[in-house]
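Structure first, commentary second.
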Amino acid sequence: MRLSRSLIPTLKETPAEAQIASHRLMLRAGLVRQTSSGIYAWLPAGWKVLQNISRIVSEEQANIGAQEMLMPTVQSSELWKQSGRYDAYGPEMLRITDRHGRELLYGPTNEEMLTDLVRQSIKSYRDLPQCLFHIQWKFRDEVRPRFGVMRGREFLMKDAYSFDLDYEGAVVSYRKQMLAYMRTFQRLGLKAIPMVADTGPIGGNLSHEFIVLAPTGESGVFYDAAFEDIDWEKSNFNAHDPADLENFFQTATGSYAATDEKHDEAAWAEVPEARRREGRGIEVGHIFYFGTKYSEPMGLKVAGQDGGQLVPHMGSYGVGVSRLVGAIIEAFHDDAGIIWPDSVAPFPAVIINLKPGDAACDAMAEQAYAAFKGQALLDDRDERAGAKFADADLMGHPWQIVVGPRGAKTGVVELKRRSTGEKVEVSLEDALARIG
RNA sequence: CGGGACGUAGCACAGCCUGGUAGUGCGCCUGCUUCGGGAGCAGGAGGCCGGAGGUUCGAAUCCUCUCGUCCCGACCA
(Lines give C-alpha, C1' and ligand atoms only; values in the text may rest on other atoms or scores of the structure.)
Protein backbone atom coordinates (compact mmCIF):
# COMPACT_ATOMS: atom_id res chain seq x y z
CA MET A 1 0.00 0.00 0.00
CA ARG A 2 1.04 3.54 -0.63
CA LEU A 3 0.66 5.50 2.56
CA SER A 4 -0.32 8.63 0.68
CA ARG A 5 -3.35 6.74 -0.66
CA SER A 6 -4.28 4.82 2.48
CA LEU A 7 -6.69 5.32 5.33
CA ILE A 8 -4.18 4.85 8.11
CA PRO A 9 -4.92 7.92 10.21
CA THR A 10 -2.10 8.17 12.73
CA LEU A 11 -2.45 10.57 15.63
CA LYS A 12 0.22 12.59 17.36
CA GLU A 13 -1.86 12.96 20.46
CA THR A 14 -3.68 10.34 22.46
CA PRO A 15 -7.46 10.39 22.52
CA ALA A 16 -8.65 11.00 26.08
CA GLU A 17 -10.66 7.79 26.42
CA ALA A 18 -7.68 5.50 25.95
CA GLN A 19 -6.21 4.44 29.27
CA ILE A 20 -3.95 1.53 28.51
CA ALA A 21 -1.04 1.22 26.10
CA SER A 22 -2.65 -1.07 23.56
CA HIS A 23 -5.80 1.02 23.29
CA ARG A 24 -3.78 4.20 22.95
CA LEU A 25 -1.51 2.73 20.33
CA MET A 26 -4.30 1.12 18.32
CA LEU A 27 -5.96 4.50 18.01
CA ARG A 28 -2.74 6.39 17.41
CA ALA A 29 -1.47 3.92 14.81
CA GLY A 30 -4.76 4.14 12.93
CA LEU A 31 -5.75 0.48 13.38
CA VAL A 32 -9.24 1.01 14.75
CA ARG A 33 -11.84 3.62 15.52
CA GLN A 34 -14.59 3.24 18.07
CA THR A 35 -18.10 3.51 16.67
CA SER A 36 -20.05 2.81 19.90
CA SER A 37 -19.10 1.80 23.39
CA GLY A 38 -17.21 -1.48 23.05
CA ILE A 39 -17.70 -1.62 19.28
CA TYR A 40 -14.90 -0.92 16.84
CA ALA A 41 -14.38 -0.44 13.15
CA TRP A 42 -11.20 -2.10 11.92
CA LEU A 43 -9.39 0.20 9.53
CA PRO A 44 -7.19 -1.27 6.77
CA ALA A 45 -4.04 -1.83 8.83
CA GLY A 46 -5.95 -3.19 11.80
CA TRP A 47 -7.94 -5.54 9.62
CA LYS A 48 -4.70 -6.94 8.20
CA VAL A 49 -3.50 -7.74 11.70
CA LEU A 50 -6.79 -9.42 12.52
CA GLN A 51 -6.56 -11.49 9.37
CA ASN A 52 -2.98 -12.49 10.10
CA ILE A 53 -3.93 -13.71 13.55
CA SER A 54 -6.99 -15.51 12.19
CA ARG A 55 -4.87 -17.28 9.60
CA ILE A 56 -2.46 -18.60 12.20
CA VAL A 57 -5.28 -19.69 14.50
CA SER A 58 -6.97 -21.39 11.58
CA GLU A 59 -3.84 -23.20 10.42
CA GLU A 60 -3.15 -24.59 13.86
CA GLN A 61 -6.75 -25.76 14.16
CA ALA A 62 -6.38 -27.54 10.85
CA ASN A 63 -3.18 -29.16 12.13
CA ILE A 64 -5.11 -31.03 14.79
CA GLY A 65 -7.85 -32.01 12.38
CA ALA A 66 -10.47 -29.42 13.25
CA GLN A 67 -12.69 -28.36 10.36
CA GLU A 68 -13.33 -24.72 9.58
CA MET A 69 -16.87 -23.56 8.89
CA LEU A 70 -18.92 -20.42 9.38
CA MET A 71 -22.07 -20.02 11.41
CA PRO A 72 -24.26 -16.91 11.41
CA THR A 73 -24.05 -14.10 13.93
CA VAL A 74 -27.82 -13.90 14.32
CA GLN A 75 -29.50 -16.90 15.90
CA SER A 76 -33.03 -17.95 16.70
CA SER A 77 -34.05 -18.13 20.36
CA GLU A 78 -35.54 -21.60 19.79
CA LEU A 79 -32.35 -23.57 20.28
CA TRP A 80 -31.42 -21.56 23.32
CA LYS A 81 -34.73 -22.43 24.89
CA GLN A 82 -33.94 -26.11 24.33
CA SER A 83 -30.64 -25.85 26.15
CA GLY A 84 -32.16 -23.73 28.88
CA ARG A 85 -29.72 -20.91 28.33
CA TYR A 86 -32.18 -18.43 26.84
CA ASP A 87 -33.11 -17.40 30.34
CA ALA A 88 -29.88 -18.41 32.03
CA TYR A 89 -27.66 -16.19 29.88
CA GLY A 90 -29.23 -13.02 31.18
CA PRO A 91 -28.81 -9.45 30.03
CA GLU A 92 -25.41 -10.07 28.46
CA MET A 93 -27.21 -11.57 25.52
CA LEU A 94 -28.31 -9.04 22.94
CA ARG A 95 -31.88 -9.92 22.07
CA ILE A 96 -33.53 -8.80 18.87
CA THR A 97 -37.09 -8.98 17.62
CA ASP A 98 -37.73 -9.22 13.90
CA ARG A 99 -40.70 -7.79 12.00
CA HIS A 100 -42.78 -10.88 12.68
CA GLY A 101 -42.19 -10.59 16.38
CA ARG A 102 -39.83 -13.59 16.40
CA GLU A 103 -37.18 -13.59 19.08
CA LEU A 104 -33.66 -13.54 17.68
CA LEU A 105 -30.32 -12.92 19.28
CA TYR A 106 -26.85 -11.84 18.28
CA GLY A 107 -24.81 -14.90 19.16
CA PRO A 108 -22.50 -14.70 22.17
CA THR A 109 -21.32 -18.25 21.44
CA ASN A 110 -22.45 -21.21 19.33
CA GLU A 111 -22.83 -24.41 21.36
CA GLU A 112 -26.55 -24.67 20.68
CA MET A 113 -26.33 -23.95 17.00
CA LEU A 114 -23.58 -26.43 16.30
CA THR A 115 -25.13 -29.11 18.49
CA ASP A 116 -28.26 -28.69 16.39
CA LEU A 117 -26.35 -28.91 13.12
CA VAL A 118 -24.50 -31.99 14.27
CA ARG A 119 -27.61 -33.78 15.54
CA GLN A 120 -29.24 -33.30 12.16
CA SER A 121 -26.51 -35.22 10.38
CA ILE A 122 -24.54 -37.38 12.79
CA LYS A 123 -26.35 -40.59 13.60
CA SER A 124 -23.65 -43.18 14.21
CA TYR A 125 -20.66 -43.68 16.47
CA ARG A 126 -18.76 -44.22 13.23
CA ASP A 127 -19.09 -40.51 12.49
CA LEU A 128 -17.32 -39.48 15.69
CA PRO A 129 -15.17 -37.82 16.77
CA GLN A 130 -15.82 -34.48 15.12
CA CYS A 131 -14.25 -31.15 15.79
CA LEU A 132 -15.47 -28.01 14.07
CA PHE A 133 -14.63 -24.36 14.46
CA HIS A 134 -15.34 -20.99 13.03
CA ILE A 135 -13.96 -17.50 13.42
CA GLN A 136 -16.92 -15.21 13.75
CA TRP A 137 -18.04 -12.01 15.45
CA LYS A 138 -19.68 -12.44 18.80
CA PHE A 139 -21.66 -9.99 20.86
CA ARG A 140 -21.81 -9.93 24.62
CA ASP A 141 -23.46 -6.92 26.14
CA GLU A 142 -20.76 -6.25 28.71
CA VAL A 143 -21.80 -4.05 31.56
CA ARG A 144 -18.67 -2.04 31.23
CA PRO A 145 -16.67 -2.28 28.03
CA ARG A 146 -13.13 -0.99 28.48
CA PHE A 147 -9.50 -1.28 27.47
CA GLY A 148 -10.39 -0.79 23.83
CA VAL A 149 -10.54 -3.99 21.91
CA MET A 150 -9.55 -6.07 24.95
CA ARG A 151 -12.99 -5.94 26.45
CA GLY A 152 -15.32 -4.95 23.69
CA ARG A 153 -18.94 -5.92 23.33
CA GLU A 154 -18.50 -7.06 19.75
CA PHE A 155 -15.41 -9.18 19.32
CA LEU A 156 -13.93 -11.71 16.93
CA MET A 157 -13.58 -15.16 18.42
CA LYS A 158 -12.42 -18.51 17.23
CA ASP A 159 -14.68 -21.07 18.81
CA ALA A 160 -14.22 -24.78 18.31
CA TYR A 161 -16.51 -27.57 19.43
CA SER A 162 -15.63 -31.23 19.83
CA PHE A 163 -17.97 -34.20 19.81
CA ASP A 164 -16.71 -37.52 21.13
CA LEU A 165 -18.26 -40.85 21.99
CA ASP A 166 -17.19 -40.81 25.59
CA TYR A 167 -15.17 -39.06 28.25
CA GLU A 168 -11.89 -40.65 27.17
CA GLY A 169 -12.38 -39.42 23.62
CA ALA A 170 -13.27 -35.97 24.86
CA VAL A 171 -10.05 -35.80 26.84
CA VAL A 172 -8.08 -36.50 23.68
CA SER A 173 -9.95 -33.73 21.85
CA TYR A 174 -9.31 -31.40 24.76
CA ARG A 175 -5.60 -32.07 24.76
CA LYS A 176 -5.35 -31.63 21.02
CA GLN A 177 -6.89 -28.21 21.37
CA MET A 178 -4.48 -27.35 24.12
CA LEU A 179 -1.60 -28.32 21.87
CA ALA A 180 -3.03 -26.26 19.02
CA TYR A 181 -3.31 -23.30 21.40
CA MET A 182 0.28 -23.54 22.56
CA ARG A 183 1.44 -23.63 18.95
CA THR A 184 -0.83 -20.76 18.01
CA PHE A 185 0.36 -18.45 20.75
CA GLN A 186 3.94 -19.46 20.07
CA ARG A 187 3.57 -18.40 16.45
CA LEU A 188 2.04 -15.10 17.53
CA GLY A 189 5.20 -14.43 19.50
CA LEU A 190 3.40 -14.73 22.82
CA LYS A 191 4.29 -16.58 25.95
CA ALA A 192 0.95 -18.04 27.00
CA ILE A 193 0.61 -20.26 30.02
CA PRO A 194 -2.31 -22.65 30.52
CA MET A 195 -3.76 -22.20 33.97
CA VAL A 196 -6.38 -24.29 35.69
CA ALA A 197 -9.74 -22.56 35.54
CA ASP A 198 -13.12 -22.95 37.13
CA THR A 199 -15.08 -25.78 35.60
CA GLY A 200 -18.48 -24.96 37.00
CA PRO A 201 -20.88 -27.80 37.82
CA ILE A 202 -19.05 -30.36 35.67
CA GLY A 203 -16.05 -30.63 37.95
CA GLY A 204 -12.76 -32.30 37.20
CA ASN A 205 -9.72 -30.45 35.98
CA LEU A 206 -10.71 -30.00 32.37
CA SER A 207 -10.85 -26.28 31.95
CA HIS A 208 -7.85 -24.09 31.31
CA GLU A 209 -7.37 -20.42 30.67
CA PHE A 210 -4.45 -19.32 28.54
CA ILE A 211 -2.79 -16.32 30.04
CA VAL A 212 -0.39 -14.06 28.20
CA LEU A 213 2.09 -12.37 30.46
CA ALA A 214 1.88 -8.61 30.22
CA PRO A 215 2.50 -6.01 32.89
CA THR A 216 -0.86 -4.36 32.24
CA GLY A 217 -2.84 -7.61 32.39
CA GLU A 218 -6.11 -7.82 34.27
CA SER A 219 -5.31 -10.76 36.48
CA GLY A 220 -2.41 -11.52 38.73
CA VAL A 221 -0.60 -14.75 37.91
CA PHE A 222 1.70 -17.10 39.76
CA TYR A 223 3.74 -19.71 37.96
CA ASP A 224 6.71 -21.98 38.20
CA ALA A 225 9.66 -20.82 36.09
CA ALA A 226 10.01 -24.40 34.92
CA PHE A 227 7.41 -23.48 32.36
CA GLU A 228 9.74 -20.96 30.76
CA ASP A 229 12.31 -23.64 30.06
CA ILE A 230 10.04 -25.58 27.75
CA ASP A 231 11.17 -25.10 24.19
CA TRP A 232 7.90 -25.43 22.30
CA GLU A 233 9.55 -24.96 18.96
CA LYS A 234 11.85 -27.92 19.44
CA SER A 235 9.44 -30.18 21.25
CA ASN A 236 7.69 -31.65 18.29
CA PHE A 237 4.59 -33.19 19.82
CA ASN A 238 2.39 -35.19 17.50
CA ALA A 239 -1.27 -34.46 18.16
CA HIS A 240 -2.31 -37.75 16.60
CA ASP A 241 -0.05 -39.96 18.72
CA PRO A 242 -1.67 -40.76 22.09
CA ALA A 243 1.62 -41.13 23.98
CA ASP A 244 2.92 -37.87 22.57
CA LEU A 245 -0.28 -36.10 23.44
CA GLU A 246 -0.12 -37.38 27.00
CA ASN A 247 3.50 -36.29 27.21
CA PHE A 248 2.56 -32.86 25.94
CA PHE A 249 -0.25 -32.44 28.43
CA GLN A 250 2.02 -33.37 31.33
CA THR A 251 4.63 -30.91 30.07
CA ALA A 252 2.18 -28.07 29.61
CA THR A 253 0.32 -28.51 32.87
CA GLY A 254 2.92 -30.24 35.01
CA SER A 255 4.19 -27.23 36.88
CA TYR A 256 2.36 -24.77 39.08
CA ALA A 257 0.48 -22.00 37.28
CA ALA A 258 -2.57 -20.15 38.54
CA THR A 259 -4.33 -16.82 38.32
CA ASP A 260 -4.96 -14.98 41.56
CA GLU A 261 -8.52 -16.32 41.79
CA LYS A 262 -7.34 -19.92 41.78
CA HIS A 263 -4.07 -19.31 43.58
CA ASP A 264 -3.27 -21.97 46.16
CA GLU A 265 -0.77 -20.82 48.78
CA ALA A 266 -0.02 -24.35 49.95
CA ALA A 267 0.87 -25.57 46.48
CA TRP A 268 2.76 -22.36 45.80
CA ALA A 269 4.91 -22.91 48.88
CA GLU A 270 6.10 -26.19 47.39
CA VAL A 271 7.58 -24.45 44.36
CA PRO A 272 11.25 -23.72 45.03
CA GLU A 273 11.55 -20.05 45.82
CA ALA A 274 14.03 -19.36 43.03
CA ARG A 275 11.53 -20.62 40.48
CA ARG A 276 8.51 -18.65 41.68
CA ARG A 277 7.33 -16.06 39.22
CA GLU A 278 4.62 -13.52 39.83
CA GLY A 279 3.22 -11.14 37.29
CA ARG A 280 0.16 -10.06 35.49
CA GLY A 281 -1.59 -11.57 32.54
CA ILE A 282 -4.33 -11.31 29.96
CA GLU A 283 -6.68 -14.18 29.23
CA VAL A 284 -6.56 -14.89 25.51
CA GLY A 285 -8.09 -18.32 25.39
CA HIS A 286 -10.25 -20.67 27.41
CA ILE A 287 -11.00 -24.32 26.86
CA PHE A 288 -13.68 -26.46 28.49
CA TYR A 289 -14.85 -30.00 28.63
CA PHE A 290 -18.52 -30.02 29.56
CA GLY A 291 -19.68 -33.55 28.88
CA THR A 292 -23.31 -33.84 27.87
CA LYS A 293 -24.45 -30.44 29.06
CA TYR A 294 -25.83 -29.58 25.60
CA SER A 295 -26.05 -32.95 23.87
CA GLU A 296 -28.35 -34.33 26.55
CA PRO A 297 -31.07 -31.63 26.69
CA MET A 298 -30.90 -31.04 22.97
CA GLY A 299 -31.25 -34.68 22.09
CA LEU A 300 -27.98 -35.27 20.27
CA LYS A 301 -27.63 -39.05 20.19
CA VAL A 302 -25.80 -41.54 18.03
CA ALA A 303 -26.15 -45.26 17.56
CA GLY A 304 -23.42 -47.16 19.37
CA GLN A 305 -21.61 -50.29 18.26
CA ASP A 306 -24.10 -52.45 20.11
CA GLY A 307 -27.08 -50.71 18.54
CA GLY A 308 -27.86 -48.70 21.67
CA GLN A 309 -27.98 -44.90 21.87
CA LEU A 310 -25.03 -42.86 23.08
CA VAL A 311 -24.95 -39.22 24.07
CA PRO A 312 -21.76 -37.58 22.80
CA HIS A 313 -19.41 -35.75 25.13
CA MET A 314 -18.57 -32.23 24.10
CA GLY A 315 -16.02 -29.55 24.70
CA SER A 316 -15.63 -26.00 23.48
CA TYR A 317 -12.52 -24.00 22.90
CA GLY A 318 -12.29 -20.24 22.50
CA VAL A 319 -9.61 -17.85 21.39
CA GLY A 320 -10.25 -14.12 21.58
CA VAL A 321 -8.90 -13.15 18.19
CA SER A 322 -9.62 -9.43 18.43
CA ARG A 323 -8.49 -9.36 22.04
CA LEU A 324 -5.21 -10.89 20.91
CA VAL A 325 -4.45 -7.77 18.91
CA GLY A 326 -4.55 -5.80 22.14
CA ALA A 327 -2.67 -8.46 24.06
CA ILE A 328 0.10 -8.58 21.49
CA ILE A 329 0.51 -4.82 21.64
CA GLU A 330 0.53 -4.92 25.43
CA ALA A 331 3.37 -7.40 25.20
CA PHE A 332 5.24 -5.67 22.40
CA HIS A 333 5.53 -1.93 22.51
CA ASP A 334 7.80 0.82 23.70
CA ASP A 335 7.52 4.57 24.16
CA ALA A 336 7.64 5.16 20.42
CA GLY A 337 4.88 2.74 19.50
CA ILE A 338 4.01 -0.81 18.55
CA ILE A 339 6.65 -3.47 17.87
CA TRP A 340 4.83 -6.08 15.81
CA PRO A 341 6.04 -9.67 15.81
CA ASP A 342 6.78 -10.59 12.19
CA SER A 343 3.95 -13.10 12.07
CA VAL A 344 1.16 -10.60 12.66
CA ALA A 345 2.52 -7.29 11.37
CA PRO A 346 0.14 -5.59 8.94
CA PHE A 347 3.08 -5.02 6.63
CA PRO A 348 6.37 -6.92 6.66
CA ALA A 349 8.22 -3.66 6.08
CA VAL A 350 7.79 0.00 5.43
CA ILE A 351 9.78 1.64 2.70
CA ILE A 352 10.43 5.22 3.66
CA ASN A 353 11.12 7.44 0.71
CA LEU A 354 12.75 10.42 2.37
CA LYS A 355 12.54 12.56 -0.71
CA PRO A 356 9.57 11.90 -2.98
CA GLY A 357 10.12 13.74 -6.24
CA ASP A 358 13.83 13.04 -6.29
CA ALA A 359 14.39 10.76 -9.27
CA ALA A 360 16.96 8.53 -7.61
CA CYS A 361 14.95 8.16 -4.41
CA ASP A 362 11.72 7.49 -6.27
CA ALA A 363 13.35 4.86 -8.46
CA MET A 364 14.91 3.05 -5.55
CA ALA A 365 11.83 3.23 -3.36
CA GLU A 366 9.65 1.91 -6.18
CA GLN A 367 12.11 -0.90 -6.81
CA ALA A 368 11.98 -1.88 -3.16
CA TYR A 369 8.19 -1.60 -3.09
CA ALA A 370 7.85 -3.79 -6.19
CA ALA A 371 9.98 -6.48 -4.55
CA PHE A 372 7.24 -6.96 -1.95
CA LYS A 373 4.54 -7.36 -4.59
CA GLY A 374 2.37 -4.74 -2.97
CA GLN A 375 2.49 -6.32 0.50
CA ALA A 376 4.78 -3.70 2.02
CA LEU A 377 3.87 -0.15 2.94
CA LEU A 378 5.45 2.63 0.92
CA ASP A 379 5.69 5.92 2.76
CA ASP A 380 5.55 8.21 -0.25
CA ARG A 381 4.03 11.13 1.63
CA ASP A 382 5.44 14.58 1.24
CA GLU A 383 6.37 14.77 4.91
CA ARG A 384 9.52 15.61 6.75
CA ALA A 385 11.86 12.79 7.65
CA GLY A 386 11.10 13.07 11.34
CA ALA A 387 7.39 12.64 10.84
CA LYS A 388 7.95 9.54 8.71
CA PHE A 389 10.32 7.97 11.20
CA ALA A 390 7.97 8.70 14.06
CA ASP A 391 5.00 7.19 12.21
CA ALA A 392 7.02 4.14 11.18
CA ASP A 393 8.00 3.50 14.79
CA LEU A 394 4.44 4.13 15.93
CA MET A 395 2.94 1.70 13.42
CA GLY A 396 5.54 -0.85 14.44
CA HIS A 397 6.58 -2.32 11.11
CA PRO A 398 9.18 -5.03 11.81
CA TRP A 399 11.56 -3.54 9.24
CA GLN A 400 12.11 -0.04 7.94
CA ILE A 401 13.86 0.44 4.64
CA VAL A 402 14.99 4.03 4.49
CA VAL A 403 15.70 5.41 1.03
CA GLY A 404 17.39 8.79 1.16
CA PRO A 405 19.12 11.04 -1.36
CA ARG A 406 22.53 10.14 0.07
CA GLY A 407 22.21 6.41 -0.37
CA ALA A 408 20.10 6.47 -3.51
CA LYS A 409 23.11 7.65 -5.48
CA THR A 410 25.37 4.86 -4.23
CA GLY A 411 22.73 2.15 -4.12
CA VAL A 412 22.57 1.98 -0.34
CA VAL A 413 19.55 1.93 1.96
CA GLU A 414 19.35 2.08 5.70
CA LEU A 415 17.71 -0.99 7.15
CA LYS A 416 16.25 -0.66 10.63
CA ARG A 417 14.92 -3.48 12.77
CA ARG A 418 12.11 -2.11 14.88
CA SER A 419 12.49 -4.61 17.70
CA THR A 420 16.16 -3.92 18.38
CA GLY A 421 16.57 -0.46 16.92
CA GLU A 422 19.58 -1.77 15.06
CA LYS A 423 20.36 0.10 11.83
CA VAL A 424 22.66 -0.98 9.05
CA GLU A 425 23.54 0.55 5.70
CA VAL A 426 23.40 -2.10 3.02
CA SER A 427 22.51 -2.50 -0.62
CA LEU A 428 18.83 -2.88 -1.41
CA GLU A 429 19.44 -6.50 -2.39
CA ASP A 430 21.03 -7.24 0.96
CA ALA A 431 18.23 -5.51 2.77
CA LEU A 432 15.61 -7.57 0.95
CA ALA A 433 17.58 -10.74 1.61
CA ARG A 434 17.78 -10.01 5.32
CA ILE A 435 14.06 -9.42 5.55
CA GLY A 436 13.56 -12.72 3.74
C1' C B 1 -25.45 -3.33 38.43
C1' G B 2 -23.49 0.16 42.54
C1' G B 3 -20.16 4.66 42.83
C1' G B 4 -17.85 9.02 40.19
C1' A B 5 -16.96 12.23 36.10
C1' C B 6 -17.26 14.35 31.30
C1' G B 7 -19.67 15.94 26.30
C1' U B 8 -16.99 23.09 23.07
C1' A B 9 -13.15 22.31 15.43
C1' G B 10 -10.06 16.00 13.18
C1' C B 11 -7.06 15.47 18.30
C1' A B 12 -5.92 17.62 23.29
C1' C B 13 -8.09 21.40 26.01
C1' A B 14 -9.55 26.73 27.91
C1' G B 15 -14.01 29.67 28.36
C1' C B 16 -19.10 28.19 32.31
C1' C B 17 -18.55 29.87 38.90
C1' U B 18 -19.85 35.98 37.96
C1' G B 19 -25.08 35.20 30.93
C1' G B 20 -23.48 39.85 26.18
C1' U B 21 -23.11 35.81 20.46
C1' A B 22 -16.35 31.22 20.85
C1' G B 23 -10.66 30.76 21.86
C1' U B 24 -5.45 28.22 22.41
C1' G B 25 -1.96 24.26 20.84
C1' C B 26 -1.44 20.28 17.43
C1' G B 27 -3.51 18.63 12.77
C1' C B 28 -5.60 20.46 7.79
C1' C B 29 -5.20 24.13 3.14
C1' U B 30 -1.99 28.10 0.31
C1' G B 31 2.77 30.60 -0.36
C1' C B 32 7.99 31.33 0.74
C1' U B 33 12.18 29.43 3.35
C1' U B 34 13.67 24.72 5.20
C1' C B 35 14.58 19.31 4.51
C1' G B 36 17.86 12.18 7.79
C1' G B 37 14.05 11.93 14.03
C1' G B 38 7.10 15.06 14.52
C1' A B 39 10.61 22.72 11.12
C1' G B 40 10.11 28.54 10.67
C1' C B 41 7.36 32.75 8.93
C1' A B 42 2.94 34.71 6.64
C1' G B 43 -2.00 33.92 5.18
C1' G B 44 -6.50 30.69 5.39
C1' A B 45 -10.50 26.95 6.13
C1' G B 46 -13.11 24.46 9.83
C1' G B 47 -17.52 24.56 15.56
C1' C B 48 -25.88 26.02 14.98
C1' C B 49 -20.66 24.67 22.12
C1' G B 50 -24.26 16.34 22.22
C1' G B 51 -29.89 16.93 21.79
C1' A B 52 -34.78 18.88 23.48
C1' G B 53 -37.38 22.04 26.52
C1' G B 54 -37.28 26.20 30.04
C1' U B 55 -35.58 31.05 32.50
C1' U B 56 -33.93 35.77 30.22
C1' C B 57 -33.94 41.52 26.10
C1' G B 58 -29.92 37.97 25.40
C1' A B 59 -27.66 31.09 27.06
C1' A B 60 -21.57 27.36 25.55
C1' U B 61 -22.50 29.70 30.46
C1' C B 62 -28.36 29.20 34.77
C1' C B 63 -32.59 25.18 35.40
C1' U B 64 -35.11 20.46 33.81
C1' C B 65 -35.20 16.26 30.90
C1' U B 66 -32.71 13.20 27.49
C1' C B 67 -28.86 10.82 24.60
C1' G B 68 -23.79 9.59 24.47
C1' U B 69 -18.88 8.55 26.38
C1' C B 70 -15.25 7.52 30.08
C1' C B 71 -13.26 6.11 35.01
C1' C B 72 -13.41 2.97 39.92
C1' G B 73 -15.69 -1.54 41.82
C1' A B 74 -18.47 -6.56 41.22
C1' C B 75 -18.71 -10.16 36.25
C1' C B 76 -16.56 -12.15 31.33
C1' A B 77 -13.04 -14.64 25.07
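To find a chain, count down the sequence lines: A is the first, B the second, and so on, and within it residues start at 1. Just the heavy atoms: all of them, side chains too, but no hydrogens, waters or symmetry mates, feed the values below.
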How would you label the contact of Val284(A) with the nucleic acid (heavy atoms, under 4.0 Å): base, sugar-phosphate, or nothing? sugar-phosphate

For the ring pair Tyr181(A) and Phe210(A), is the centre-to-centre distance below 6.0 Å? yes

Pairing partner of rC62(B) (Watson-Crick or G-U wobble, both distances under 3.5 Å): rG54(B)

Say you draw a straight line from CG of Leu70(A) to NE2 of His134(A); how long is it, rounded to the nearest 0.5 Å? 6.0 Å

Near RNA chain B, under 4.0 Å by heavy atom, which residues of residues 342-364 of chain A? Leu354(A)

Just checking Thr109(A): base, sugar-phosphate only, or nothing, at a heavy-atom cut-off of under 4.0 Å? nothing

Pairing check on rA14(B): which nucleotide meets the Watson-Crick or G-U wobble criteria with it, both distances under 3.5 Å? none

Give the B/S/- string for nucleotides 37-46 of chain B, one per nucleotide from 5' to 3', where a protein heavy atom under 4.0 Å of the base yields B, of only the sugar-phosphate yields S, and otherwise -. BBB-------

Expressed as a whole number of Å, how far does the P atom of rC62(B) sit from that of rC72(B)? 28 Å

Asp260(A) has an atom CG; how far is it from atom P of rA74(B), in whole Å? 11 Å

Starting from P on rU69(B), measure out to CZ on Arg153(A) and report it in whole angstrom. 7 Å

Rounded to whole Å, how long is the line connecting atom CG of Leu43(A) with atom C1' of rG10(B)? 14 Å

Show the nearest heavy-atom pair for residues Cys361(A) and Lys355(A), with the distance to one decimal. CB-O, 3.6 Å

Return the nucleotide paired to rG68(B): Watson-Crick means purine N1 to pyrimidine N3 with N6-O4 or O6-N4, wobble means G-U with N1-O2 and O6-N3, both under 3.5 Å. rC6(B)

How far, in whole Å, is rU33(B) from rA45(B) if one measures between their P atoms? 24 Å

Please give, in whole Å, the distance from rC70(B) P to Leu27(A) CG? 11 Å

Which value, in whole Å, describes the distance between the C1' atoms of nucleotides rG50(B) and rC70(B)? 15 Å

Can you check the Leu415(A) CG to rG36(B) C1' distance for me, whole Å? 16 Å

Taking rG51(B) as the reference, what is the distance to rC67(B) when you measure between their C1' atoms (whole Å, please)? 7 Å

Shortest non-hydrogen pair, Ala258(A) vs Met195(A), comes out as C-SD, 3.4 Å

On a heavy-atom basis, which atom in Val403(A) and which in Val413(A) lie closest, and how many Å separate them? CG2-CG1, 4.0 Å

Starting from the 5' end of RNA chain B, give me the residue, Gly320(A) or Val402(A), whose nearest nucleotide shows up first. Val402(A)

If you compare all heavy atoms of Ser173(A) against all heavy atoms of Asp164(A), which two are closest, and at what distance to 0.1 Å? OG-OD2, 2.5 Å

Considering only atom C1', compute the distance from rA9(B) to rU66(B) and round it to an integer number of Å. 25 Å

Please determine, for the side chain of Gln19(A), which listed nucleotide (rC71(B), rA77(B), rG25(B)) has the closest atom? rC71(B)

Look at the side-chain N and O atoms of Gln34(A) and state whether any lies under 4.0 Å from the OP1 or OP2 oxygen of rC70(B). yes

State the CZ-CG distance between Arg28(A) and Asp391(A), to the nearest 0.5 angstrom. 8.5 Å

Need one value for Gly152(A): base, sugar-phosphate or nothing, where a base atom within 4.0 Å counts as base even if backbone is also close, heavy atoms only. base

I want to know whether Phe372(A) and Phe347(A) have ring centres closer than 6.0 Å. no

With both distances under 3.5 angstrom, what nucleotide forms a Watson-Crick or G-U wobble pair with rC49(B)? none

Arg406(A) has a side chain; which of rU69(B), rC13(B), rG36(B) sits nearest to it? rG36(B)

Any base atoms under 4.0 Å from Glu283(A), or only sugar-phosphate, or nothing? Heavy atoms, all strands. sugar-phosphate

Any protein N or O atoms within reach of nucleotides 66-68 of chain B? Criterion: under 3.5 Å, listing atom names and distances.
none

Under the rule for ring-ring contact (aromatic ring centres under 6.0 Å, His included), what residues qualify as partners of His263(A), not counting sequence neighbours? Phe222(A), Tyr256(A), Trp268(A)

Spacing of the P atoms in rA12(B) and rG27(B) (rounded, Å): 15 Å

Which part of the nucleic acid, if any, lies within contact of Gly404(A), taking any heavy atom under 4.0 Å across all strands shown: a base, the sugar-phosphate backbone alone, or nothing? base

For rG47(B) and rC63(B), measure between their P atoms and round to the nearest Å. 28 Å

Nucleic acid contacts - residues 130-146 of chain A versus RNA chain B, non-hydrogen atoms under 4.0 Å: Arg140(A), Glu142(A), Val143(A), Arg144(A), Pro145(A), Arg146(A)

Sub-3.5 Å donor-acceptor pair from the side chain of Arg323(A) to the main-chain atoms of Glu283(A), do we have one? yes

On a heavy-atom basis, which atom in Ser22(A) and which in Gly326(A) lie closest, and how many Å separate them? CB-O, 3.4 Å

May I ask you to test the Lys293(A)-Glu111(A) pair for a side-chain heavy-atom distance under 4.5 Å? no

For Glu13(A) and rU24(B), give me the distance from atom CD to atom P, rounded to whole Å. 16 Å

Between rC35(B) and rG40(B), how many Å separate the two C1' atoms, rounded to a whole number? 12 Å

Over how many whole Å does the gap from Tyr317(A) atom OH to rA77(B) atom P extend? 15 Å

Partner nucleotide, any strand, of rC1(B) [Watson-Crick/G-U, under 3.5 Å]: rG73(B)

What residue among Leu25(A), Leu377(A), Val350(A), Leu31(A) forms side-chain contact (heavy atoms from CB on, under 4.5 Å) with Met395(A)? Leu377(A)

If pairing means Watson-Crick or G-U wobble with both distances under 3.5 Å, then the partner of rA42(B) is rU30(B)

Could you name each residue pair satisfying ring pair (Phe, Tyr, Trp, His ring centres under 6.0 Å) that touches residues 66-89 of chain A, not counting sequence neighbours? Trp80(A)-Tyr89(A)

Counting only heavy atoms not in Lys81(A) (residues, nucleotides, ligands), do more than 12 fall under 6.0 Å from its NZ? yes

I'd like to know if the side chain of Ser77(A) reaches the main chain of Glu103(A), judged simply by a donor and an acceptor atom lying under 3.5 Å from each other, with no hydrogens or angles considered. yes

Closest approach of Glu17(A) to Leu27(A) (non-hydrogen atoms, all atoms of both residues): OE2-CD1, 4.0 Å

Could you check how far CZ of Arg33(A) sits from C1' of rU69(B), rounded to whole Å? 16 Å

